[in-house]
Amino acid sequence: MEAVIAVVALLFVLFLVAGAYAAVKAVGAARRGVDRTLTQARRTVEDTTLRARTFAQPGAVGELAQLRLKLRTSMRATQDALRAGVAADASLHESLALFERLSAHGHELDDELKRLESEPDRITLSQRLPALKERTEQITKAADSLRWAARDRADKFADDDLGLLRSQIDMEAGALRHWATEPSGTQQPSPSTPPAPSSASSSSSGSSSPSGSSSSPASSASWAEQSAAGAATPAEGTDRAAQEPTRPAISPVAPRPTYPWEKKAKPENTT
């Protein structure tokens, strides 16, 4: 009984711990979602305010707002592109680390531009604008370079993959249409009917070129000698057969030899 109570208490404690852990996780996720929503809302409000100042306040203040808007837009686009690409391409980790260092300079410049918006001395502000523009241009160019390099790399990988896939699809389509690649004019001979005898030997022996006959007189002479010798050989064989005596077809039976220890045969007709 005590063991059962201990097991039930242990299970109850485990359920409590699991519930507390799940509650903490849920609260953390909700807090992160709220913070993300607030950050996006704040960013949208600031961007809208900067656009309004660009058109509503001409002069140094409007130029400062335009620089801030350009800087924030470029840095945000580069950050989104790198963070989205690093999940598929691990080589972008170094690019992301470089962007983090560049982002520190961007935040510093954005804070400086934000402070200068409330600067009452417009003359000093106008004198510092060229240097601020050059600094903003350098940071935005660096960010754009990283962003476009990451996009070009992703496009290159996508094009290579698409080209390989297209070649494989063309190969498979050709294999499926195997009848289209076979020549239609050629007919395969039937295995039941034997092939027709070739007349190449008769035609080649009957129609010899004059150039071949003129170029090899020695060979033609040797063939003539061989044919003459072949014709003379049967005649010689006939003369030899006529000179030799004729032999009987079956030789006569030779008498059986007698030996002294054998008995003499008695004649059959004895009187």
Side-chain angles (χ1 to χ4, degrees), residues 25-26 28-56 62-114 116-117 128-181:
K25 284 291 186 180
R31 183 177 299 174
R32 285 192 299 271
V34 171
D35 293 340
R36 191 182 304 111
T37 304
L38 292 177
T39 302
Q40 292 177 357
R42 189 183 303 110
R43 185 180 302 167
T44 303
V45 171
E46 289 180 356
D47 292 344
T48 305
T49 304
L50 291 175
R51 289 189 181 90
R53 288 180 180 176
T54 301
F55 296 104
E63 291 182 4
L64 288 175
Q66 187 176 0
L67 291 177
R68 285 191 65 193
L69 184 62
K70 180 180 180 181
L71 177 65
R72 292 163 65 91
T73 303
S74 177
M75 297 295 289
R76 189 180 303 120
T78 304
Q79 182 179 7
D80 295 340
L82 292 178
R83 288 183 177 177
V86 76
D89 190 0
S91 61
L92 293 179
H93 282 291
E94 186 176 356
S95 301
L96 189 59
L98 292 175
F99 175 76
E100 294 296 337
R101 294 172 56 186
L102 182 65
S103 181
H105 292 279
H107 285 298
E108 182 180 354
L109 179 59
D110 185 66
D111 294 339
E112 185 176 357
L113 292 174
K114 188 176 181 179
L116 290 176
E117 287 179 355
R128 296 189 60 182
L129 271 178
L132 294 172
K133 287 181 180 180
E134 183 179 359
R135 189 177 173 186
T136 304
E137 192 70 21
Q138 290 179 358
I139 295 176
T140 54
K141 280 185 177 180
D144 294 342
S145 178
L146 280 176
R147 182 175 70 255
W148 284 111
R151 289 178 178 175
D152 292 342
R153 182 181 178 85
D155 293 341
K156 176 63 177 176
F157 287 162
D159 293 340
D160 293 343
D161 191 14
L162 182 60
L164 180 60
L165 180 61
R166 181 61 184 274
S167 63
Q168 292 177 354
I169 290 176
D170 292 341
M171 186 181 301
E172 182 66 20
L176 292 176
R177 297 192 187 96
H178 60 88
W179 65 87
T181 58

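Only heavy atoms go into these numbers, but all of them, side chains included; no hydrogens, no water, no symmetry mates.
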Self-check item: Residue list, salt bridge (Lys or Arg N to Asp or Glu O under 4.0 Å) with Asp111, at least two apart or on another chain
Solution: none
Quiz item: Are side-chain heavy atoms of Leu64 and Arg68 found at a separation under 4.5 Å?
Solution: no
Quiz item: Any idea which heavy atoms bring Ala65 and Glu117 closest together, and the distance?
Solution: CA-OE2, 4.2 Å
Quiz item: Looking at side-chain heavy atoms only, is the closest gap between Leu102 and Thr78 below 4.5 Å?
Solution: no
Quiz prompt | From CA spacing to verdict: side-chain contact (heavy atoms from CB on, under 4.5 Å), Leu69, Thr73 | solution = CA-CA 6 Å; Leu69 184 62; Thr73 303; 4.1 Å; yes
Practice problem: Look at the side chain of Ser74 and the backbone N and O of Lys70, then say whether any donor-acceptor pair between them is shorter than 3.5 Å. | Solution: no
Quiz item: Is it true that atom CZ of Arg151 has more than 12 heavy atoms of other residues, nucleotides or ligands lying nearer than 6.0 Å?
Solution: yes
Exercise. Can you tell me which residue pairs pass the side chain to side chain donor-acceptor pair (under 3.5 Å) test with a partner in residues 93-102, sequence neighbours excluded?
Key: none
Exercise. Go through the structure and list residues passing side-chain contact (heavy atoms from CB on, under 4.5 Å) with Gln66, not counting sequence neighbours.
Key: Thr54
Quiz item: Should the pair Asp80-Arg76 be classified as a salt bridge under the 4.0 Å nitrogen-to-oxygen rule?
Solution: no
Quiz prompt | Side chain Thr140, main chain Glu137, donor-acceptor under 3.5 Å | solution = yes
Practice problem: Quick one: closest heavy-atom pair of Ala150 and Leu82, and the distance? | Solution: CB-CD2, 3.9 Å
Self-check item: Steps toward side-chain contact (heavy atoms from CB on, under 4.5 Å) verdict (Glu112, Arg135)
Solution: CA-CA 12 Å; Glu112 185 176 357; Arg135 189 177 173 186; 3.0 Å; yes
Practice problem: Measure the CZ-CG distance between Arg153 and Asp89 for me, rounded to the nearest 0.5 Å. | Solution: 4.5 Å
Practice problem: Determine, for Lys141 against Asp144, whether the closest basic-nitrogen to carboxylate-oxygen distance falls under 4.0 angstrom. | Solution: no
Quiz item: To the nearest 0.5 Å, what is the distance between CE (Met171) and CG (Leu176)?
Solution: 12.5 Å
Quiz item: Going by heavy atoms in the side chains, are Leu109 and Leu67 under 4.5 Å from each other?
Solution: no
Quiz prompt | Shortest non-hydrogen separation from Met75 to Ser103 and the atoms involved | solution = CE-CA, 3.3 Å
Self-check item: Presence of salt bridge, Lys156 and Asp152, under 4.0 angstrom
Solution: no
Exercise. Mind running salt bridge (Lys or Arg N to Asp or Glu O under 4.0 Å) on Arg166 and Asp170 for me, showing each step along the way?
Key: CA-CA 6 Å; Arg166 181 61 184 274; Asp170 292 341; 3.4 Å; yes
